[in-house]
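In what follows, a structure is listed as structure tokens, so that the remarks can point back to it.
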Amino acid sequence: MKVAVIQLAYGDDESVAERTDRVVALVEAQAGHDLVVLPELWPAGGFDYGRWSERAEPLDGPVATALSAAARRAGVTLHGGSIVERGTPVGDGDHGVWNTSLVFGPDGTLVARYRKIHRFGFGEGEPMLMDAGHELVVLDVPTADGPPVRVGLSTCYDLRFPELYRRLLDDGARVLVVPAAWPMRRVAHWTLLGQARAVENQCVVVQCNTAGTHARHEMGGHSQVVDATGNVLAAAGAEQEVLSIDIDTAAVDIWRRDFPVLADRRLS
Ligand SMILES: NC(=O)CCC(=O)C(=O)O
């Protein structure tokens with residue numbers, strides 16, 4: 001499974017339209033990959049809380065429409081990072097706003113939507129302005145060279161909650177994708193927890209972080225792809241960078257067969 005991880009850098013002085021044009025060009029340059037991944041909240045700004053409301057959009061808004069077209073033109077499955085989604089509130093007191101990942105198939109169809117379950121901010125930011133998602137999402141991603149690969153979705157702060165990944169594993173995930181806007185000051189947690197989720201679930205972990213500095217937050221970069229044994233197969237630095245890697249998904253099954261630790265689980 002050929003995967004491209006687009007570690008995007010951005011600051012404060014770029015309109016959403018300009019950034020979207022830049023992202024679309026980067027995605028289209030990844031034709032030939034099976035899966036292309038973007039970071040969390042790149043259109044609205046991961047920590048730019050004050051602009052989230054004006055930059056929120058529905059699932060058929062301008063960013064989603066541009067991503068759909070980019071996926072189709074590149075002929076890839078595109079994990080579009082996430083947007084600030086504005087929809088209809090579900091319950092009384094809800095915002096009707098979510099941190100939502102969109103995945104488009106190679107024909108541009110929206111094939112999955114994941115609303116971030118664990119909101120980051122300790123009373124500010126996401127918990128104050130957004131609703132929590134409730135649904136786990138695992139989807140089959142087609143590949144050019146073999147059968148589809150089952151991919152589990154999560155977003156950034158979710159990485160700190162191992163029970164979510166156990167549920168994705170139990171839904172058949174062999175690859176776990178994590179887009180993020182994870183700051184530099186805690187980047188050691190980002191790389192460590194990615195390896196931990198790979199080792200404990202015997203899954204490949206694909207982590208796509210943000211680079212640059214926006215809203216006075218320096219982003220950590222250091223996107224990485226970790227194999228099911230915990231080895232880091234590809235790692236980015238701190239700047240904008242695209243990782244391109246051919247993941248051997250058959251190796252996941254071989255590792256699970258040769259070291260069958262998951263069969264020894266006693267609590268579920
Ligand atoms: N956007 C986020 O979820 C940030 C998470 C983070 O900074 C952390 O877990 O640390």
Side-chain angles (χ1 to χ4, degrees), residues 5-12 16 19 23 37-53 55-57 63 79-86 95 97-103 113-137 152-168 176-198 200-201 205-224 226 235-236 238 240:
V5 175
I6 300 178
Q7 178 172 289
L8 184 76
Y10 58 82
D12 297 318
V16 176
R19 195 174 302 158
V23 164
V37 185
L38 290 165
E40 179 189 30
L41 291 181
W42 62 266
F47 279 81
D48 213 347
Y49 308 150
R51 285 166 142 173
W52 283 356
S53 181
R55 292 179 168 178
E57 61 167 81
V63 170
H79 184 307
S82 67
I83 63 167
V84 179
E85 178 198 349
R86 187 182 299 287
H95 303 283
V97 173
W98 299 267
N99 182 340
T100 303
S101 288
L102 305 176
V103 183
R113 178 199 72 181
Y114 168 69
R115 289 172 170 165
K116 187 178 183 181
I117 291 175
H118 302 94
R119 294 166 298 173
F120 180 73
F122 309 115
E124 296 180 355
E126 293 180 62
M128 181 178 280
L129 302 169
M130 291 174 164
D131 302 325
H134 299 284
E135 288 170 19
L136 295 174
V137 179
L153 304 189
S154 60
T155 305
C156 200
Y157 187 50
D158 282 333
L159 193 58
R160 294 187 182 274
F161 299 87
E163 62 275 18
L164 166 63
Y165 296 89
R166 274 297 201 240
R167 301 262 303 267
L168 296 174
L176 303 166
V177 175
V178 194
W182 197 291
M184 183 64 87
R185 61 195 300 202
R186 291 184 296 276
V187 79
H189 297 186
W190 161 252
T191 50
L192 177 69
L193 290 170
Q195 285 180 265
R197 299 294 87 85
E200 71 198 0
N201 297 299
V205 176
V206 176
Q207 294 170 260
C208 180
N209 200 13
T210 306
T213 297
H214 72 276
R216 297 187 307 283
H217 285 76
E218 183 187 5
M219 295 288 101
H222 292 85
S223 298
Q224 61 181 6
V226 187
Q240 179 163 309

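Both backbone and side-chain heavy atoms feed into the values below; hydrogens, waters and symmetry mates do not. Note that the structure is predicted; figures quoted are calculated from it, not measured. Atoms within a ligand are numbered from 1 in the order they appear, just like the ligands themselves.
Heavy-atom contacts of P183 reach the following atoms of ligand 1: 7 (O) (cutoff under 4.0 Å). Atoms of ligand 1 found under 4.0 Å from any heavy atom of K116 (numbered from 1 in listed order, with element): 1 (N), 2 (C), 3 (O).
Ligand 1 has no atom lying under 4.0 Å from any heavy atom of H189. In this structure, G46 has no heavy atom closer than 4.0 Å to ligand 1. Using a 4.0 angstrom heavy-atom cutoff, H118 does not count as in contact with ligand 1.
Remark: the Y165 side chain and the S154 side chain contain an N/O donor-acceptor pair separated by less than 3.5 Å. The closest side-chain donor-acceptor pair between H214 and D12, if any, does not fall under 3.5 angstrom.
Using cut-offs of 30° and 60° on the angle between ring planes, the pair F120 and F47 is perpendicular. Ring geometry for W190 against W182 counts as tilted: the plane angle lies between 30° and 60°, on a 0 to 90° scale.
A heavy-atom distance below 4.5 Å is not found between the side chains of E85 and L102.
Atom 4 (C) of ligand 1 has its closest protein heavy atom at C156 SG, 3.3 Å. Here the protein heavy atom with the shortest distance to atom 10 (O) of ligand 1 is R186 NE, 2.5 Å.
At a 4.0 Å heavy-atom cut-off, ligand 1 touches E40 through the side chain alone. With a heavy-atom cut-off of 4.0 Å, Y157 touches ligand 1 through backbone and side chain alike.
Within 6.0 Å of atom CZ in R216, 12 or fewer heavy atoms from other residues, nucleotides or ligands are found, so the atom counts as exposed in its surroundings.
Closest to atom 8 (C) of ligand 1 by heavy atom, among M184, H217, R185, R160, is R160.
Under a 3.5 Å cut-off, the side chain of W42 and the backbone N or O of G80 do form a donor-acceptor pair.
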